[in-house]
Amino acid sequence: MSAAETTTKTVAGHDRVQIFDTTLRDGEQSPGISLNTQEKVEIATQLARLGVDVIEAGFPITSPGDFEAVQAISRSVSGPVICGLARTQKGDIDAAWGAVKDAERPRIHTFISTSDIHIEHQLRTDREDVKGQARAAVAHARELCEDIEFSPMDATRADVEFTAEVCAIAIAEGAGVINIPDTVGYTTPAEYTAYLERLYELIPELHDVRLSVHCHDDLGLAVANSFAGVLAGARQVECAVNGIGERAGNCSLEEIVMLLRTRRSDHGLDTTLNTTELARTSRMVSRFTGYSVQPNKAIVGRNAFAHESGIHQDGVLKERTTFEIMDARDVGLDSNQIVLGKHSGRHALKDALEQLGFVVEGQALNQAFKSFKELADKKKQVTSLDLEAIVSDEMREASKKYELAWFDVEAGTRREPVAKVGVSTPDGGESVGEGGGDGPIDAVFSAIQAAVDTDCELNRFEVSAIGEGDDALGEVTVMLRAHGRLATGQGVSTDIIEASARAYVRALSNALEGAAIREAEAVVADAASASPFPPGP
Ligand code: KIV
Ligand code: ZN
């Protein structure tokens, strides 16, 4: 029996570690990520399928777009607790409540820094005021919502006695979860353990609430520190899929979950996640955010279960456990089965998509079937990975303002590359542009800039193959800067130039949309003659 099959039916009560996913909040604070509401709802739906306990869906006060996305997730995703982040200001807490109140199980997460460095230089206040703000915030939040989480930001660089005082206030006012952030990724496992143990000594009531850990990866210790926190008594880990997040990112969800699962017999702790959904969740987040997963990434990297050396291959062929501590099936990395061929019909496609978790009907099914047929004409066998890629690609197409309509390119070693493109525009029209460049892709990119009449600077360009073989689909990720916005886009096709063009138009579309939203928000903020849109924590 594999580890996943032994799932956590037996893990209950105190041995169960809850997973608080912050991909859509802390994770989304990574530069260049520009998820729209539809993409956020898709990710949240997949997180619910994975079985996370809490989804931190956003920071509603920061923008109308964030508010709308948190509200949409609260209204459509069932299962996990849906949480909104708020500073201690009343306006933040009211916005967070407004966005999560329709969720099956809403939570407000409020925070204020307890380190002197933040209190003096960022908040420009004093410790007494911090205590007062924490008290008022939790008390107000508790009037609105039953489930309140409190975080003393930058706790690991703060005086532990003062942090304990603030946390005791939050508990007295009704916080049920106390989260101890290592905001700047500075602590070490031994130090974090000692800090949490001291908090337990200083606040006996901490035993009556859920202790949570939130670690950043600046020194590469986010998973190790989170694990130390769990061993010290924490029963909630805050983490993000693929470890995305501010700067070096957050604790990687898949790593902490598989660490708990794989070494469960040693420490007796586990989560209730359906780990076979880990790889798919990782692919979805990577696609939508434009943050690719390094091949050697633990658990979900392409090589995480690959054996190159002859000795290892020989060992695994004889007995898998000679060189493998986990089974690829337990994390869903075996999902590249051949599902359909050239003659498969609409029903077979619908069934296959349903098995992959996509409910596609009506016009969307017709479009998916058309794309599938086009692909099946080019590829002998269409795998589940291919289907996942083309359906995600269509979902993105439906949500973008600009889309590639067509392109022509001429290039070779004996001629200057020239390209002509048609881009469909938000008003339903089509704009045509022409351009040249160093190669066919460069020429297509400058033709797109001409069509959209926007200058942009290419920041990142990545191509990867989906599956194996000469006829594999190519997936391209583009990150660019336009109108002061860093934005990403992806495209999928058996033709790399087409995939690149799609990715470029989508990145540009995201950048323009982001710039327009920012302008609209600035107008709203001006009108309110206040600044309701703070920079993220
Ligand atoms: O890193 C941090 O301190 C945070 C808090 C808002 C929990 O993200
Ligand atoms: Zn954080």
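Note that ligands are numbered from 1 as they come in the structure, with each ligand's atoms numbered from 1 the same way.
- Below 4.0 Å from some heavy atom of M153 lie the following atoms of ligand 1, by number and element: 3 (O).
- Listed by chain and residue number, F445 satisfy the ring pair (Phe, Tyr, Trp, His ring centres under 6.0 Å) test with Y504 (two or more places apart in sequence, or in another chain).
- Rounding to the nearest 10°, we obtain 100° for the angle at the Zn ion (ligand 2) between H216 NE2 and H214 NE2.
- Atom OD2 is the N, O or S atom of D26 at the shortest distance from the Zn ion (ligand 2).
- No more than 12 heavy atoms of other residues, nucleotides or ligands sit less than 6.0 Å from atom CD1 of I117.
- Counting non-hydrogen atoms of neighbouring residues, nucleotides and ligands closer than 6.0 angstrom, the CZ atom of R302 reaches no more than 12 such neighbours.
- Taking the ring centre of Y291 as origin, the terminal cationic atom of R460 falls inside the region bounded by 6.0 Å and 45° from the ring axis.
- Contacts between H216 and ligand 1 below 4.0 angstrom, taking non-hydrogen atoms only, involve the side chain exclusively.
- The closest approach between any non-hydrogen atom of R25 and ligand 1 is below 4.0 Å.
- Not a single N/O/S atom of E246, whether from backbone or side chain, sits less than 2.8 Å from the Zn ion (ligand 2).
- By the criterion of a heavy-atom distance under 4.0 Å, the side chain of D26, and not its backbone, is placed next to ligand 1.
- Proximity to T183 (heavy-atom distance under 4.0 Å) selects the following atoms of ligand 1: 1 (O), 2 (C), 3 (O).
- In terms of polar-atom proximity, H214 is counted as a contact of ligand 1, with an N or O under 3.5 Å from an N or O of the ligand.
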Pair L206-L211, side-chain contact (heavy atoms from CB on, under 4.5 Å): steps then yes or no: CA-CA 7 Å; L206 195 55; L211 178 65; 4.3 Å; yes
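- With sequence neighbours excluded, no residue forms a ring pair (Phe, Tyr, Trp, His ring centres under 6.0 Å) with F150.
- Contacts between E149 and ligand 1, counted as non-hydrogen atom pairs separated by less than 4.0 Å, are absent for every part of the residue.
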Verdict with supporting geometry, K297 and S252, side-chain hydrogen bond (donor to acceptor under 3.5 Å, both in side chains): CA-CA 10 Å; K297 164 91 169 62; S252 144; 3.2 Å; yes
